Amino acid sequence: MNTIKFYKTDESYGFFSNFSPHPVFIKNELWPTTEHYFQASKFEDNVIRNKIRNIKSPMEAANEGRNRNNKLRQNWEDIKDKIMYEGLYFKFLQHPKLRKELILTGDNILIEHTTNDNYWGDGGDGLGKNKLGILLMNLRKDIKNISPDPDLILPPWIPFPSIDQNDLFWRMGLGEDYLIEWSKYYLRLTDNIIYERNFPENKDWEGIYD
Ligand SMILES: Nc1nc(O)c(N)c(N[C@@H]2O[C@H](COP(=O)(O)O)[C@@H](O)[C@H]2O)n1
């Protein structure tokens with residue numbers, strides 16, 4: 001088995017980094033990157049969460065999240081892997097090109113390679129836990145279970161479960177981009193019946209296939 005190492009966003013496979021500039025929409029909030037979401041999730045105080053959400057760069061968001069003058073939520077150590085997986089899940093489902101790239105890594109081992117991190121990364125010498133790489137590989141398996149087709153684009157209610165079809169979210173930015181891409185994909189399908197059987201309309205999207 002081969003390995004794929006990533007770290008810096010401007011190097012190969014940089015989109016696996018949480019610092020990559022891919023916005024995510026999670027539980028009715030838009031985050032500039034998964035790093036912003038992850039760092040803000042360390043706190044219960046909405047003032048701090050919103051401060052982090054509005055910070056420009058992921059590095060500054062990470063610095064604020066690591067600022068121990070901010071009161072860390074009590075159970076953070078217990079939930080941090082789950083939060084990270086949640087961020088990754090929505091990132092890779094909400095950006096079809098990233099979903100495709102993840103599937104195309106096949107069964108290669110994914111490693112966040114850095115001396116800066118012994119938990120999420122490999123510590124540089126391979127002795128770190130590489131939790132980010134492991135979660136990405138778990139996600140790859142889960143995504144392939146939904147559909148292994150790298151070119152498939154999921155209907156909007158799967159990557160964006162909390163937004164119904166009349167929401168203004170679909171008229172701008174991430175939502176608009178997704179809907180346009182999905183519509184083009186769906187209209188080009190040669191076998192709609194199988195797609196519609198695999199992904200039945202949910203109640204907020206009734207009639208979308210008509
Ligand atoms: N760019 C970068 N610099 C560092 O110093 C890092 N530790 C990482 N790793 C990423 O940091 C995030 C989690 O950090 P904390 O749990 O707040 O220490 C996570 O996105 C790692 O992949 N990256």
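Just so you know, ligand 1 is whichever comes first in the structure, and atom 1 is the first atom listed for that ligand. Small disclaimer: the values here were computed from a predicted structure and weren't measured.
Within the 4.0 Å heavy-atom criterion, the part of Glu35 lying near ligand 1 is the side chain and not the backbone. When non-hydrogen atoms are compared, ligand 1 lies under 4.0 Å from the backbone of Asn116 as well as from its side chain. Under 4.0 Å from ligand 1, the heavy atoms of Glu112 that appear belong solely to its side chain.
With respect to atom 7 (N) of ligand 1, the closest heavy atom belonging to the protein is Asp117 OD2, 2.9 Å. Among all non-hydrogen protein atoms, the one lying nearest atom 1 (N) of ligand 1 is Tyr7 OH, 3.1 Å. For atom 16 (O) of ligand 1, the closest heavy atom belonging to the protein is Trp120 NE1, 3.1 Å. Looking only at protein heavy atoms, the nearest one to atom 17 (O) of ligand 1 is Lys42 NZ, 2.7 Å. Protein heavy atom at the shortest distance from atom 11 (O) of ligand 1 is Arg66 NH2, 3.0 Å.
Taking the six-membered ring for Trp, Phe38 and Trp76 have ring centres closer than 6.0 Å.
Considering only residues two or more places apart in sequence or on other chains, Asp167 meets the salt bridge (Lys or Arg N to Asp or Glu O under 4.0 Å) condition with none of them. Taking Lys129 as the reference, nothing meets the salt bridge (Lys or Arg N to Asp or Glu O under 4.0 Å) condition, with sequence neighbours excluded.
Salt bridge Glu77/Lys80: present, at least one basic N to carboxylate O contact under 4.0 Å.
Atoms of ligand 1 lying under 4.0 Å from any heavy atom of Leu132, numbered from 1 in the order shown and given with element: 22 (O).
The shortest separation from a heavy atom of Lys80 to ligand 1 is not under 4.0 Å, leaving the residue out of contact.
Under the 6.0 Å distance and 45° angle rule, Lys97 does not count as a cation-pi partner of Phe15.
Atom OG of Ser41 sits about 7.0 Å away from atom CD of Glu86, to the nearest 0.5 Å.
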